[in-house]
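Read the numbers this way: they start at 1 and go in the same order the structure lists the ligands and their atoms. Given the structure is predicted, the values throughout are model-derived calculations rather than measurements. Side-chain atoms are counted along with the backbone in the values below, which use heavy atoms only and exclude waters and symmetry mates.
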Amino acid sequence: MTALAIATEDIAPAPGPAPDPGPVRPRMLTGDRPTGRLHLGHYAGSLANRIRLHRRYQSFFIVADLHMLTTKNSRADIAGIGPRAADMVLDSLAAGLDPAHSVFYLQSGVPEVAELSLLLSSLVSVPRLQRIPSLKEMARHAGQREMPFALLGYPVLQAADILAVKATTVPVGRDNSAHVEVARELARRFNRRYGAVFPVPALVPADVPALPGTDGRAKMSKSLGNAIYLSDPPDEVVAKVRRMYTDPARTSPAVPGTVEGNPVFVYHEVFSDRPAEVADLKERYRSGRVGDAEVKEKLAAALNRFLDPIRERRAALAADQGLVEELIVTGTERTRHEVRRTVAEVRAAMGLTTALAGFRAAARSRAR
Ligand code: ATP
Ligand code: MG
């Protein structure tokens with residue numbers, strides 16, 4: 001992994017008025033299910049890539065609450081959508097997404113996407129979907145012994161999200177690329193059968209391994225309780241880093257330690273802005289000339305240097321009451337407008353509008 005600190009020019013708003021996007025600017029779509037605040041794993045795995053890319057496109061960021069229902073559909077889960085969506089958007093903006101280049105929208109506010117998903121579902125087989133390993137993994141993760149029907153359809157609904165806004169580019173984490181493959185297949189199949197309506201979206205893989213958790217497990221994850229959140233206050237970061245898992249074979253600073261795969265050094269490498277300090281710590285760790293306490297103290301300081309500007313922007317954005325809500329409302333309206341247009345085009349291309357139009361004409365002529 002390489003240091004992920006985002007260059008300031010990628011975060012600072014472009015000077016002067018936002019450039020006119022023009023009608024042909026390609027579209028990007030990506031997003032998350034509203035399941036909680038964003039952590040360092042989200043930053044490394046997807047957010048950094050989004051921040052780097054988003055100004056080149058008309059960028060749509062979906063808050064995929066309908067997708068959340070495929071594994072989390074209790075009343076409490078649903079009641080949490082609002083605050084969690086607001087937190088996610090706030091975290092994303094604080095981390096560096098520019099609202100002038102980003103459309104944030106709530107999936108359930110665009111019900112036409114469900115219609116498109118239904119129309120696309122006749123173009124894919126059940127065995128094709130059953131072969132996708134991430135779906136079985138998600139079912140297991142959610143404690144489901146049998147595959148819910150909605151979860152099997154997850155990639156089809158995701159294809160509908162992507163194709164509904166005619167996205168050309170979809171940045172994805174490794175676990176999601178198989179879903180975007182389905183979207184590409186559906187676009188091609190639809191276009192062949194009914195006429196060219198959809199661009200075939202290109203995948204932009206974020207080619208980074210998962211960020212390990214503070215407990216040394218392979219993946220930082222909310223539900224594993226091993227995450228450092230972008231919104232954690234500095235003292236909480238210090239406390240979490242102090243408790244972090246390191247090389248268990250090291251009983252004293254004089255014992256040579258292993259750097260490779262050691263989460264403390266993984267974080268140093270990904271988030272520190274001081275490569276010389278990291279190289280020196282590694283050197284001394286390998287030769288038994290540094291204590292874990294110093295390595296961790298420097299890591300907590302590096303993480304706090306990385307998170308400080310994010311915290312500052314987060315506080316400023318949160319103080320602007322109603323800002324995030326307004327972005328979600330206008331983004332959802334904007335997206336709905338686009339999606340309605342696409343679905344009308346799809347229905348026309350399929351000839352689905354013909355029968356009712358014929359009935360209407362006949363009914364009108366009888367009335368005369
Ligand atoms: P949960 O515990 O509820 O599964 P989570 O913390 O694992 O939550 P998700 O909502 O599952 O987070 O993650 C959304 C996306 O964020 C993933 O598809 C992946 O691309 C990225 N992501 C999450 N955790 C990591 C991580 N530790 N390293 C890299 N990318 C990650
Ligand atoms: Mg997860």
In residues 345-355, what donor-acceptor pairs under 3.5 Å come from side-chain atoms, sequence neighbours left out?
from	atom 1	to	atom 2	distance (Å)
Glu345	OE1	Lys166	NZ	2.9
Glu345	OE2	Lys166	NZ	3.0
Arg347	NH1	Glu115	OE2	2.6
Thr354	OG1	Gly351	O	3.0

One finds that the ligand 1 atoms under 4.0 Å from a non-hydrogen atom of Ser223 are 1 (P), 2 (O)

Under-4.0 Å heavy-atom contact with ligand 1, by part of Arg33 that carries it: neither

Using a 3.5 Å cut-off on N or O atoms only, is Leu211 in polar contact with ligand 1? yes

Should the ring pair His54 and His101 be called parallel, tilted or perpendicular, given that the plane angle runs from 0 to 90° and is split at 30 and 60? perpendicular

Any idea which atoms of ligand 1 are less than 4.0 Å away from a heavy-atom of Met220? 24 (N), 25 (C), 26 (C), 27 (N)

Per-atom contacts, ligand 1 versus Asp32 - under 4.0 Å to a heavy atom: 14 (C), 15 (C)

Not counting sequence neighbours, which residues clear side-chain contact (heavy atoms from CB on, under 4.5 Å) with Ala300? List them please. Val238, Val241

Could you please spell out the steps behind the side chain to side chain donor-acceptor pair (under 3.5 Å) verdict for Lys72 and Thr35? CA-CA 9 Å; Lys72 293 183 183 197; Thr35 55; 5.3 Å; no

Which of Tyr245, Tyr285, Tyr267 passes side chain to side chain contact (heavy atoms under 4.5 Å, CB included) with Asn262? It is Tyr285

Proximal ligand 1 atoms for Ala210, defined as those under 4.0 Å from one of its heavy atoms: 28 (N), 29 (C)

With atoms numbered from 1 as shown, which atoms in ligand 1 lie under 4.0 angstrom from a non-hydrogen atom of Ser221? 1 (P), 2 (O), 4 (O), 5 (P), 6 (O), 7 (O), 8 (O)

